*Asks:* 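Just passing along the structure, written as C-alpha cells.
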Amino acid sequence: MNQAIERVARALQRAERILIITGAGLSADSGLPTYRGLGGLYNGKTAEGLPIEEALSGPMLRRDPALCWKYLAELGKACLSAQPNAGHQAIADLQRIKPACWVLTQNIDSYHRRAGSPAERLIEIHGELEPLYCQSCGAQSDELTAHLQRPLPPKCARCGGVLRPPVVLFEEMLPEQAIDQLYAELRKGFDVVLSVGTTASFPYIVEPLLRTRAAGGFTAEINPSRTEFSQAVDVHLQGRALDILPQLLGHIRGDKSLQ
Ligand code: APR
C-alpha cells in the first residue's frame with residue numbers, strides 16, 4: 001500500500017490542477033451514515049415502508065412535508081451532532097498547498113467548509129442544509145438547530161409557509177450555479193482527479209474522472225470497497241479516507257513521521 005500511496009502523492013505533488021471528488025464515505029469517519037453499502041441509509045425502507053429516496057424527494061416535500069421533514073431532520077441532526085475529521089482537514093491542507101485544487105462534494109454536511117476548504121474552490125453539487133428558506137415567500141431562516149427541536153415541518157415566521165433546506169432532494173434539479181462552475185473548471189482540464197468515499201452513482205461524478213483519464217491525467221480512488229471507478233483509475237487505495245488522506249499529505253509535505 002505504501003508504494004501506491006507514494007505514487008498518488010507524487011502525482012499530486014507534480015500536479016497543478018487537482019479535483020478531489022468526495023462522497024458520504026469521507027464523512028462516515030465522522031460517524032455519519034453512508035447512503036449505500038454496509039449500513040447505508042438507502043438499503044432499507046422507512047418506517048412507512050417507503051424507499052428513502054421517495055421519502056427524501058421533492059414531490060414528497062410538496063405532498064407530505066411532515067413525512068419528508070421527518071427524514072430531513074434525521075440527516076440534519078446527524079450532521080449537526082458530528083464534525084469534520086482528519087480527512088476533511090487533509091483535503092483543506094492540500095487546497096492551501098495547491099491554489100488550483102478544487103473539491104466537488106456530494107455531501108450536504110458542510111464539513112469541507114468547517115474544515116477550512118475555501119468556499120470559492122468548493123462545489124457542493126447536492127447543496128447544503130442551511131440556511132432554510134420559505135417555499136412560499138422566500139424568507140431565509142438561520143435557525144436549523146432550533147427548528148429541529150420544534151414540531152415539524154418548520155414554518156416561516158413571516159407567512160407561515162413550509163421551510164426547506166437548500167439541498168437537492170430526489171427528483172429535483174442540481175443547482176445551476178454549481179453545475180456551471182463544475183463544467184467551467186472541467187473545460188480547463190485537471191492533471192489529477194482523486195475520488196474519496198463515493199460509489200460514483202451519478203454521471204456528473206463519473207464524467208470528471210473519465211475526461212481526465214482520456215486526456216492523459218492521473219486518477220485515483222480512496223475507498224475500502226471496490227466501486228464503478230475502481231477498474232478505471234490508475235490507483236485504487238483500498239482503505240479509509242481518515243487513514244489514507246493524512247498519509248498522502250505527509251508524503252506531499254515530506255513529513256517523515258506520517259510516512
Ligand atoms: N473511507 C472512504 N470510503 C468509505 C468509508 C471510509 N471510511 N466508509 C465507506 N466508504 C465508501 C463506501 O464503500 C461507498 O463506496 O463510501 C461510499 C459511500 O457511498 P454512498 O453511500 O453511495 O454515498 P455517495 O457515493 O456519496 O452517494 C452519492 O447519492 O443519494 C445520493 O445525495 C446522495 O450525495 C449522495 C449521493
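Atoms within each ligand, like the ligands themselves, are counted from 1 in listed order. Computed from a predicted structure; not experimentally measured.
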*Asks:* With heavy atoms of S225 as the reference, note each atom of ligand 1 found under 4.0 Å away.
*Replies:*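 Once the distances to S225 are compared, the set is 13 (O).
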*Asks:* Polar-atom distance check: G197 versus ligand 1, any N or O pair below 3.5 Å?
*Replies:* yes
*Asks:* Pairs of nitrogen or oxygen atoms closer than 3.5 Å, one from T198 and one from ligand 1: do any exist?
*Replies:* yes
*Asks:* Considering all heavy atoms of both residues, which atom of P154 and which atom of L132 are nearest to each other, and what is their separation?
*Replies:*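 Heavy atoms of P154 and L132 come nearest at CG-CD1, 4.4 Å.
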*Asks:* Which heavy atom of L129 sits nearest to which heavy atom of L75, and what is that distance?
*Replies:*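 Taking L129 first and L75 second, the nearest heavy atoms are CD1-O, 4.5 Å.
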*Asks:* Using a strict 4.0 Å cut-off to heavy atoms of D29, name the atoms of ligand 1 that fall inside it.
*Replies:*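 Listed by number with element: 1 (N), 6 (C), 7 (N).
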*Asks:* How far does NE2 of H236 sit from CG of N223, to the nearest 0.5 angstrom?
*Replies:*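 Rounded to the nearest 0.5 Å, the NE2-CG separation comes to 5.0 Å.
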*Asks:* So, for A9 and L248, which heavy atoms are closest and what is the spacing to 0.1 Å?
*Replies:*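 Where A9 meets L248 most closely, the heavy atoms are N-CD2, 3.6 Å.
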*Asks:* Identify, by atom number and element, the atoms of ligand 1 in contact range of F202, meaning under 4.0 Å from any of its heavy atoms.
*Replies:* 28 (C), 29 (O), 31 (C), 36 (C)
*Asks:* For a quick test of reading the model, state the closest non-hydrogen atom pair linking V168 to P175 and the distance between them.
*Replies:*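 It is CG2-CD, 3.4 Å.
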*Asks:* May I ask you to identify, for H126, whether its side chain, its backbone, both or neither come under 4.0 Å of ligand 1 on a heavy-atom basis?
*Replies:*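 Side chain only.
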*Asks:* Report yes if N107 has an N/O atom closer than 3.5 Å to an N/O atom of ligand 1; otherwise report no.
*Replies:* no
*Asks:* Minimum heavy-atom separation for S57 and E171, please, with both atom names.
*Replies:*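 Shortest heavy-atom separation between S57 and E171 comes out as CB-OE2, 3.9 Å.
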*Asks:* So is L242 close enough to ligand 1, meaning a heavy atom under 4.0 angstrom away?
*Replies:* no
*Asks:* Locate the shortest heavy-atom distance separating E221 from T198; write the atom from each residue and the value.
*Replies:* OE2-O, 4.4 Å
*Asks:* I'd like to check whether G239 has a polar contact with ligand 1, where a contact means an N/O of the residue lying under 3.5 Å from an N/O of the ligand.
*Replies:*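 Such a contact does not occur with ligand 1.
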*Asks:* Check whether Q13 reaches the backbone of I252 with its side chain - one donor and one acceptor, N or O, closer than 3.5 Å.
*Replies:* yes
*Asks:* Closer than 4.0 Å to some heavy atom of F170 - which atoms of ligand 1 meet that?
*Replies:* 30 (O)
*Asks:* Determine, stepwise, if the pair T199 / T227 fulfils side-chain hydrogen bond (donor to acceptor under 3.5 Å, both in side chains).
*Replies:* CA-CA 6 Å; T199 46; T227 69; over 6 Å; no
*Asks:* Mind checking whether Q106 has an N or O less than 3.5 Å away from an N or O of ligand 1?
*Replies:*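 For ligand 1, there is an N or O atom that lies under 3.5 Å from one belonging to Q106.
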*Asks:* Output the list of atoms in ligand 1 that are nearer than 4.0 Å to some heavy atom of G23, sorted by atom number.
*Replies:* 26 (O)
*Asks:* Please identify which atoms of ligand 1 are closer than 4.0 Å to at least one heavy atom of A24.
*Replies:* 23 (O), 24 (P), 26 (O)
